[in-house]
Amino acid sequence: MQHFACAGCHTSMTDMSICETDGCTSQWEMMTECDCTDGQHGAGKEALVVTDANGNILSDGDSVALIKDLTLRGTSQVIKRGTKAKGIRLTESPEEIDCKIDGTAIVLRTEFVKKL
Ligand SMILES: [Zn+2]
Ligand SMILES: [Zn+2]
């Protein structure tokens, strides 16, 4: 849904408005038009920090290993703990990464992987 968001504190409004948040770097500035669905208001796609279960930063191309058995969504196939995925890709979400395991494209939650 279309909305307006403050670039400083990410407060969002459905109508065009100015930010009134005390201490916000953009206080009293016009909010910018936005139509994000993730509540991030397009902020920090560049600065998105994705971390594994241990808090290590993940980047495109890293290899990870599962730290628990996972059942593939919609199937009964289980991916075992310790299974490695090479060449991960970050996604729009800091909680999910794209990767391939045995040639199958899979989305993994970062809380279930560790960087190798
Ligand atoms: Zn603000
Ligand atoms: Zn937004």
Side-chain angles (χ1 to χ4, degrees):
M1 194 180 78
Q2 193 120 36
H3 52 269
F4 294 86
C6 170
C9 62
H10 297 173
T11 295
S12 65
M13 299 279 184
T14 49
D15 299 311
M16 186 173 271
S17 182
I18 56 170
C19 177
E20 297 179 3
T21 306
D22 285 335
C24 174
T25 52
S26 299
Q27 191 179 20
W28 311 126
E29 289 178 21
M30 293 301 297
M31 292 184 174
T32 50
E33 201 171 337
C34 181
D35 63 355
C36 74
T37 53
D38 60 4
Q40 300 294 307
H41 314 304
K45 196 181 172 220
E46 284 357 288
L48 187 71
V49 176
V50 182
T51 57
D52 71 4
N54 298 322
N56 294 312
I57 293 176
L58 298 172
S59 325
D60 282 343
D62 280 350
S63 296
V64 298
L66 295 190
I67 58 169
K68 61 173 280 186
D69 292 355
L70 292 179
T71 306
L72 269 186
R73 211 179 292 167
T75 75
S76 58
Q77 192 184 339
V78 175
I79 317 173
K80 289 280 180 200
R81 189 166 83 105
T83 300
K84 292 171 185 152
K86 290 180 186 162
I88 63 162
R89 310 286 311 173
L90 303 187
T91 68
E92 304 271 307
S93 164
E95 289 164 5
E96 294 181 335
I97 51 173
D98 286 328
C99 67
K100 278 193 176 178
I101 294 176
D102 294 336
T104 306
I106 291 171
V107 177
L108 290 176
R109 293 190 61 82
T110 54
E111 64 189 308
F112 299 141
V113 303
K114 67 172 184 196
K115 186 174 174 173
L116 294 176

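Each ligand, and each atom within it, is numbered from 1 in the order the structure gives.
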Can His3 and Met31 be said to form a side chain to side chain contact (heavy atoms under 4.5 Å, CB included), step by step? CA-CA 9 Å; His3 52 269; Met31 292 184 174; over 6 Å; no
Apply side chain to side chain contact (heavy atoms under 4.5 Å, CB included) to the pair Cys9 and Cys19, showing each step before the final yes or no. CA-CA 8 Å; Cys9 62; Cys19 177; 3.6 Å; yes
If you apply the rule side chain to side chain contact (heavy atoms under 4.5 Å, CB included), what do you find for Ile106 with Ile79, and how did you get there? CA-CA 10 Å; Ile106 291 171; Ile79 317 173; 3.6 Å; yes
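- Counting heavy atoms from C-beta outward, Val49 and Ile57 have side chains that approach closer than 4.5 Å.
- Note on the Zn ion (ligand 1): protein N, O or S atoms under 2.8 Å away count 4, no waters included.
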Applying side chain to side chain contact (heavy atoms under 4.5 Å, CB included) to Leu70 and Leu108, what does each step give before you reach the verdict? CA-CA 9 Å; Leu70 292 179; Leu108 290 176; 3.8 Å; yes
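- For His41, the N, O or S atom with the smallest separation from the Zn ion (ligand 2) is ND1.
- Take the Zn ion (ligand 2) as the corner point: the lines to SG of Cys36 and to NE2 of His3 open at 110°, to the nearest 10 degrees.
- Under the side chain to side chain contact (heavy atoms under 4.5 Å, CB included) rule, Ile97 has a single partner from Asp52, Asp60, Val64, Val107, which is Val64.
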Residue pair Asp62, Lys115: steps toward the salt bridge (charged side-chain N to carboxylate O under 4.0 Å, His left out) verdict: CA-CA 7 Å; Asp62 280 350; Lys115 186 174 174 173; 3.5 Å; yes
